[in-house]
Protein chains: 2
Amino acid sequence: MKATFGEYIKQLRTDKGLTLTQLAFQLDLDSANLSKIENGKREFDEKRLEKLANAFNLDLDQLKVEYFGDQFAKKMYAYNCPTETLMVAEEKVNYLKSTNVKQGQLKFENEK
Amino acid sequence: MKATFGEYIKQLRTDKGLTLTQLAFQLDLDSANLSKIENGKREFDEKRLEKLANAFNLDLDQLKVEYFGDQFAKKMYAYNCPTETLMVAEEKVNYLKSTNVKQGQLKFENEK
DNA sequence: TAAAACTTGTCAATAATTGACAAAATTAAA
DNA sequence: TTTAATTTTGTCAATTATTGACAAGTTTTA
């Protein structure tokens with residue numbers, strides 16, 4: 001397993017024999033900044049997930065799994081959260097789905 | 001279950017018969033802003049989790065479960081992430097723990 | 001109906017993220 | 001080796017997001 005999403009991208013990129021510049025172009029990103037992302041010095045912005053999926057012909061859902069799984073894990077690790085946290089997250093997301101909360105009602109929804 | 005962390009705070013607060021002003025003071029927060037937090041119009045800042053635990057004599061770990069569980073759920077809901085995301089998160093956090101990544105190595109670690 | 005409690009709106013101040021570029025370091029090719 | 005390509009690192013202004021603060025409104029309660 002790759003520890004970070006950055007390493008995951010790097011893997012994809014090198015497997016396909018792309019240079020940073022080439023991939024960065026597809027992601028509408030500076031190659032220097034892509035390098036930082038790959039090396040965990042910057043975050044990959046979620047607004048580029050779709051472009052990333054396109055670049056490598058990946059399933060967007062699978063990419064979300066990798067991306068957010070990584071985000072959550074880092075948070076958990078940084079804040080030393082009990083594993084239970086993820087169970088509660090699951091309950092809550094089911095609850096949200098079941099109540100079908102309107103867009104914009106939750107603060108998070110405002111994000112792009 | 002409470003849908004949001006804000007509602008959870010409100011519950012705690014009203015159960016204890018505190019006013020917004022009283023709790024806000026303990027959290028070093030403006031009462032108007034606490035109101036927004038309770039109503040999901042603002043995020044509760046993680047740096048105040050400890051104060052919140054103190055105010056209600058709660059276990060900090062349990063609070064983290066509620067807080068981050070809520071955060072993750074909202075993200076998942078907003079971005080329509082597959083449930084699988086949480087499994088991957090669990091794997092990854094275990095991986096991080098097992099490799100005992102040094103502080104500061106991960107971008108996230110820089111946060112307070 | 002007056003006071004207390006709560007909510008909402010706004011905005012400047014602060015903080016975080018981003019894009020951009022230069023320059024170093026590393027790697028690959030000739 | 002030299003040279004070119006690639007990658008990494010550092011920096012910083014610009015953009016964007018979050019926060020604290022306060023005023024003004026509404027709702028609740030005594």
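Not measured: the values here are computed from a predicted model. Just so it is clear: chains get the letters A, B, ... in the order the sequence lines come, proteins before strands, and each one is counted from 1.
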From CD1 of A:I37 across to P of D:dT8 the rounded distance in Å is 12 Å
Does any N or O donor sit under 3.5 Å from an N or O acceptor when you compare the side chain of B:K41 with the base of C:dG9? no
| said: Looking at C:dC6, I'd like to know if its phosphate oxygens (OP1 or OP2) sit under 4.0 Å from a side-chain N or O belonging to B:R13. | reply: yes
Regarding the side chain of B:R48, the nearest nucleotide among D:dA21, C:dA20, D:dT19 is D:dT19
> Is the distance from OP1 or OP2 of C:dT10 to the nearest side-chain N or O of B:R42 less than 4.0 Å?
Replying inline: no
From the candidates C:dT18, D:dT19, D:dT9, the one with an atom nearest any side-chain atom of B:D45 is D:dT19
Closest of C:dC21, C:dT7, D:dG20 to the B:N39 side chain is C:dT7
Side-chain N or O of A:S35 versus OP1/OP2 of D:dT7: is the shortest distance under 4.0 Å?
no
Checking only heavy atoms, does the side chain of B:K36 share a donor-acceptor pair with the base of D:dG20 at less than 3.5 Å?
no
Assert: residue with more 5' nearest nucleotide on DNA chain C, out of B:L20 and B:N33, is B:L20
To the nearest angstrom, the CG-P distance between A:L34 and C:dC21 comes to 17 Å
- prompt: When you check the phosphate oxygens OP1 and OP2 of C:dT17, does a side-chain N or O of A:K47 lie under 4.0 Å from one of them?
  reply: no
Between CD of B:Q22 and P of C:dA4 the distance, given in whole Å, is 13 Å
A:E43 CD to C:dT18 C1', in whole Å, measures 13 Å
More than 12 non-hydrogen atoms from neighbouring residues, nucleotides or ligands closer than 6.0 Å to CZ on B:F25, yes or no?
no
How about B:T85 and B:M76: do any of their side-chain heavy atoms sit closer than 4.5 Å? yes
To the nearest 0.5 Å, atom OH of A:Y8 lies from atom CG of A:L63 at 5.0 Å
- Do you see a donor-acceptor pair shorter than 3.5 Å between the side chains of A:E46 and A:Q71? no
**OP:** Determine the contact category for B:T19: base if any of its heavy atoms lies under 4.0 Å from a base atom, sugar-phosphate if only primed atoms, P, OP1 or OP2 are that close, otherwise nothing.
**Re:** sugar-phosphate
**Asked** Got B:N39 and B:T4 here, is their nearest side-chain heavy-atom distance under 4.5 Å?
**Response** no
Separation of C:dA15 atom C1' from B:E46 atom CD, nearest Å, is 14 Å
